[in-house]
*Asks:* 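Dropping a structure here in structure tokens format, bear with me for questions.
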Amino acid sequence: MSDQETLRQSILAQVAEFYRQNHAEKPFVPGETAVSYAGRVFDATEMQNMVSAVLDFWLTAGPYAQQFEEKLGRFLGVREVIPTNSGSSANLLAITTLRSMKLENRLLPGDEVIVPAASFPTTVNPIIQNQLTPVFVDSRLGDLNLDPGQLETAVSPRTRALIFAHTLGNPADMDAVMAFVRKHNLFLIEDTCDALGSRWDGQLVGTFGDMATLSFFPAHHITMGEGGAVYTNRPRLAKIARAVRDWGRDCWCGYEYPTNGKCGIRFEREIPGIPGYYDHRYYYSEIGYNLKITDPQAAMGLAQIDKLPGFIAARKRNFAYLYAGLKQYEEFLILPNWHAKADVSWFAFPMLVRDEAPFMRHDLTRFLEQHKVQTRLIFAGNILRQPAYQEITYRQVSDLAVADQIMRGAFFIGVYPGLDTPRLDYVLDTFARFFQQF
Ligand SMILES: Cc1ncc(COP(=O)(O)O)c(C=O)c1O
């Protein structure tokens, strides 16, 4: 072993010891330790990978990022994974890709994109940011996904695409969605930021549409701190997405930089009106951004992928445990349901306080929070009621009554792999203490 490698190994051994002393499992004290709605679950490997990446000091996306793309691509069974610095960036990238002049059937300003009104904001925002018009459909109580029954009503001559998230991991009705997008020849972007590992009829969600997106923020199925990805089986879209992610530059050398570029004519590109040639690395064929990740992020993500099957199993187990315990309160709560074809890799456990319940959602979530059980709302609720959206141009196809009900009554609690039986029992016990009052 070289001196350098010996030194690296000794540093990594110390990192493992640091992990053991500072980050390994702490005892759970009911009522004192917070039961989080989500959180990063890691061991010494993630820390060692990140430190190793820092020792390499590559910094920008490099060898770890390349491995991450390949490994996640294998897990998803897709040809292309394009890492980004967040799930929001991934959504922006996916929609912006559809505006590329390289696509003969590209989206044009004013074209319409169907999206549920009960969404995460950055599932909707890229529609607006790309001068497209969102057309809002309602959701269904129970699975909290877009209501397929409203899709036909949403169609106009300008309808070009559909984007939606599989809500908190629960797959939307993909039979209905795919029949609809095929009938109207629409682009489909699946936001699977909360649904990594969920399946519909045995097939991973995210592999049905043209492109799909992921988030690697710590609340999600795997994390790299901040991060995300676009994935697709369509190399043409992937190439455009990489260009948009990387400042809009046309060069597609990726992680390898042969002297004369992968194209072989890096220094012989021509730009009309400019005498001579222009370096392909400074040749811009898209209006782009910089949405790239760094190598230490990818190093962490790489270690997380190994844990993903275990994470998915734990999320399913925790969900089932909570469901069995909460079922008795259906008089007060609307619990989630899922389709017989859905195999759900739950992001969280959603529920709604019924309008007829003798308490408000706020009473229940405040009680839970006071007793250290973390809760979160289902994102924006009916996004049209949020202040930022008061001046947007849009269409809506119904009164969005369910989106309003989600905004009034829905919230979620955690199912993430960091929750063990004592914590789950404590959560159920806290619900029991709340419901004793009624
Ligand atoms: C459905 C959905 N889409 C997009 C995002 C955005 O991801 P990020 O926080 O990585 O930007 C989130 C974030 O939680 C999300 O839940």
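What you see is a predicted model, and the numbers here were worked out from it, not measured in a lab. When a residue number appears, it is its place in the shown sequence, counting from 1.
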*Asks:* Does a sphere of radius 6.0 Å around CZ in Phe267 hold more than 12 heavy atoms from other residues, nucleotides or ligands, not counting ones at 6.0 Å or beyond?
*Replies:* yes
*Asks:* Are the ring centres of His166 and Phe164 closer than 6.0 Å?
*Replies:* yes
*Asks:* Would the His339 and Trp200 ring centres measure less than 6.0 Å apart?
*Replies:*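 Ring centres of Trp200 and His339 closer than 6.0 Å.
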*Asks:* Under the ring pair (Phe, Tyr, Trp, His ring centres under 6.0 Å) test against Phe68, which residue among Phe75, Tyr231, Phe216 passes?
*Replies:*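 Only one option passes, and that is Phe216.
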*Asks:* Answer yes or no: is there an ion pair linking Asp210 with Arg234, defined by an N-O contact shorter than 4.0 Å?
*Replies:* yes
*Asks:* Name each donor-acceptor pair under 3.5 Å that joins a side chain in residues 344-353 to protein atoms two or more places apart or in another chain, with its distance.
*Replies:*
from	atom 1	to	atom 2	distance (Å)
Ser345	OG	Leu196	O	2.8
Ser345	OG	His221	NE2	3.0

*Asks:* Does either side chain, that of Arg8 or that of Ser52, offer a donor lying less than 3.5 Å from an acceptor on the other one?
*Replies:*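 Their side chains do contain a donor-acceptor pair, which is all the 3.5 Å distance test asks for.
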*Asks:* Check this for me: Asp3, atom CG, are more than 12 non-hydrogen atoms of other residues, nucleotides or ligands nearer than 6.0 Å?
*Replies:* no
*Asks:* Check the orientation of Phe431 and Tyr329. Use parallel for under 30°, tilted for 30 to 60°, and perpendicular for over 60°.
*Replies:* parallel
*Asks:* Should we say atom CZ of Phe18 is surrounded by more than 12 heavy atoms from elsewhere, each under 6.0 Å from it?
*Replies:*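 No - once you tally the heavy atoms of other residues, nucleotides and ligands closer than 6.0 Å, there are 12 at most.
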*Asks:* Could I get the full list of salt bridge (Lys or Arg N to Asp or Glu O under 4.0 Å) partners for Lys307, not counting sequence neighbours?
*Replies:* Asp43, Glu46
*Asks:* Counting only heavy atoms not in Tyr284, do more than 12 sit closer than 6.0 Å to its OH atom?
*Replies:*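 Buried by this count: over 12 neighbours within 6.0 Å.
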*Asks:* Within a radius of less than 6.0 Å around CG of Leu377, do more than 12 heavy atoms belonging to other residues, nucleotides or ligands occur?
*Replies:* yes
*Asks:* Considering the options Arg266, Arg269, Arg249, which one meets the salt bridge (Lys or Arg N to Asp or Glu O under 4.0 Å) requirement together with Asp279?
*Replies:* Arg266
*Asks:* Within a 6.0 Å radius of atom CZ on Arg99, are there more than 12 heavy atoms belonging to other residues, nucleotides or ligands?
*Replies:* yes
